[in-house]
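Below: one structure, written as structure tokens.
Side-chain atoms are counted along with the backbone in the values below, which use heavy atoms only and exclude waters and symmetry mates. Atoms within a ligand are numbered from 1 in the order they appear, just like the ligands themselves. For reference, positions follow the sequence shown, starting with 1.
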Amino acid sequence: MTKINENYRKLPGSYLFTEIARRVTAYGQKNPDKRLIRLGIGDVTRPLAPAVISAMHAAVDEMGTMEGFRGYGPEQGYDFLRQAIAEYDYQARGAEIAPDEIFISDGAKSDCGNIGDIFGVDNVVAVCDPVYPVYVDTNAMAGRAGEYSEAVGRWSNLVYMPCTAENGFAPALPESKVDLIYLCFPNNPTGAVATREQLQAWVDYAESRGAVILFDSAYEAFISDPSIPHSIFEIEGARRCAIEFRSFSKTAGFTGNRCAYTVVPRDLERGGASLNTLWNRRQTTKFNGVPYVVQRGAQAVYSDAGRAQVRETIGFYQNNARVIRAGLAGAGLTVSGGENSPYVWAKTPHGMGSWAFFDLLLQQAGVVTTPGAGFGPSGEGYIRLSAFGGAEDTAEAVERIRAVL
Ligand SMILES: *Cc1c(COP(=O)(O)O)cnc(C)c1O
């Protein structure tokens, strides 16, 4: 009799987004004339940059010719893209990263989940609370998380690092021994960023203990404060203890196009093995690369025109974030995030629960948000608002929220 991976049985249902959808549908059925505004989305809405579109068109035409046709590409990605990334995302910021340390992929979500393949099942994993659920669920699937407690909302073998107002949404270094540390800055969902000093403390901690930091910087393009690092590799020592995940999804509107990359430095070794070699082995065995046309589109993000166009789109979302943040703060809510991030993290008024405030905004303002409790117990008492909507909708949503507070 075939046995399933029993770890899948332990996973709780993907409660957050199904429950939001259920409540939104129920509201829509009762209020067919009310126009809902969605500030819950974690997806971009602005079209691809013209430079990306023309590069992709040209690549499609190439594929239709005898000379230009390409079959399987390198599993790690084409050199033209790996070189552009090394130059613009790393060397230009003083981070020593070579093209052969960059692995192009179809998403940071896949990479964050797949990276576990190269690590033993008995490593102790540390995650932030609240957290992007992918880090937790993929470790649970691999058998690293132990048992889930519905009552506590936590897995028995994971080390949770609370990110709260008290610590400025910056997790403290774990007190117990951990081996793999997931960090995400700018953070989803809190919108918090990490300073150079904070990241240095993490790198020193990981280096001295032989731990590995798994650094997700999917939102680095939203950093506006020049003192905030965009990459963990801007930090001294990180080449010996960190892996970084990046994506064109939020940076350049590629959520439907699928292109991302993971950086595994050559200096990173554990158990006498090079993690760059292991990841290369994993990718060449289980992955066959990102489409040529998509990689040409991603390369165009680094052209002069592409960079200017992408900047403008990021600026559009950053402006939405300012509108949300200023509008809610002006109405007396305690808000954070939204300055170097597309997410604003707002404290519910009068100690209201996340879901109660979500319902109030849905029922009375017709605005969809995301309850913070859905990202972990420390998210209780907060909601997440996203800057990925339209400018008019965002302004109207903020006005509607202000009117019901
Ligand atoms: C959106 C997001 C990503 C990007 O995922 P892709 O698979 O590249 O689209 C990665 N990490 C976090 C925390 C995200 O919110």
For ligand 1, is any non-hydrogen atom under 4.0 Å from F248's backbone (N, CA, C, O), its side chain (CB onward), both, or neither?
->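 For F248, there is no contact with ligand 1 at all, from either part.
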
Can you list the atoms of ligand 1 that are under 4.0 Å from a heavy atom of [X]?
{"X": "A218", "value": "3 (C), 10 (C), 11 (N)"}
{"X": "S249", "value": "6 (P), 8 (O), 9 (O)"}
{"X": "K250", "value": "1 (C), 2 (C), 3 (C), 4 (C), 14 (C), 15 (O)"}
{"X": "K109", "value": "5 (O), 6 (P), 7 (O)"}
{"X": "S247", "value": "4 (C), 6 (P), 8 (O)"}

Near-ring test F103/F287, centroid separation under 6.0 angstrom | no

What about the rings of Y135 and F245, do their centers lie closer together than 6.0 Å?
->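 Here the rings of F245 and Y135 have centres that are no less than 6.0 Å from each other.
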
Does a donor on one side chain and an acceptor on the other come within less than 3.5 Å for N276 and S274?
->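 No.
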
State, without any angle test, whether Y292 and E62 hold a side-chain donor-acceptor pair at a distance under 3.5 Å.
-> yes

At the 4.0 Å heavy-atom cut-off, does Y219 count as touching ligand 1?
-> yes

Return the minimal non-hydrogen interatomic distance between H230 and E220, and the atom names on each side.
->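 Of all heavy-atom pairs spanning H230 and E220, the closest is ND1-OE1, 2.7 Å.
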
For ligand 1, is there an N or O atom under 3.5 Å from any N or O atom of S110?
->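 No, there is no polar N/O contact under 3.5 Å.
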
Atom 11 (N) of ligand 1: the protein heavy-atom neighbour that sits closest, reported with distance to 0.1 Å |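 Scanning the protein heavy atoms, the shortest distance from atom 11 (N) of ligand 1 goes to D216 OD2, 2.7 Å.
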
If you draw a 6.0 Å radius around CZ in R35, do more than 12 non-hydrogen atoms from other residues or ligands fall strictly inside?
-> yes

Distance from T285 atom OG1 to R281 atom CZ, nearest 0.5 Å?
->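 Output value for this atom pair is 4.0 Å.
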
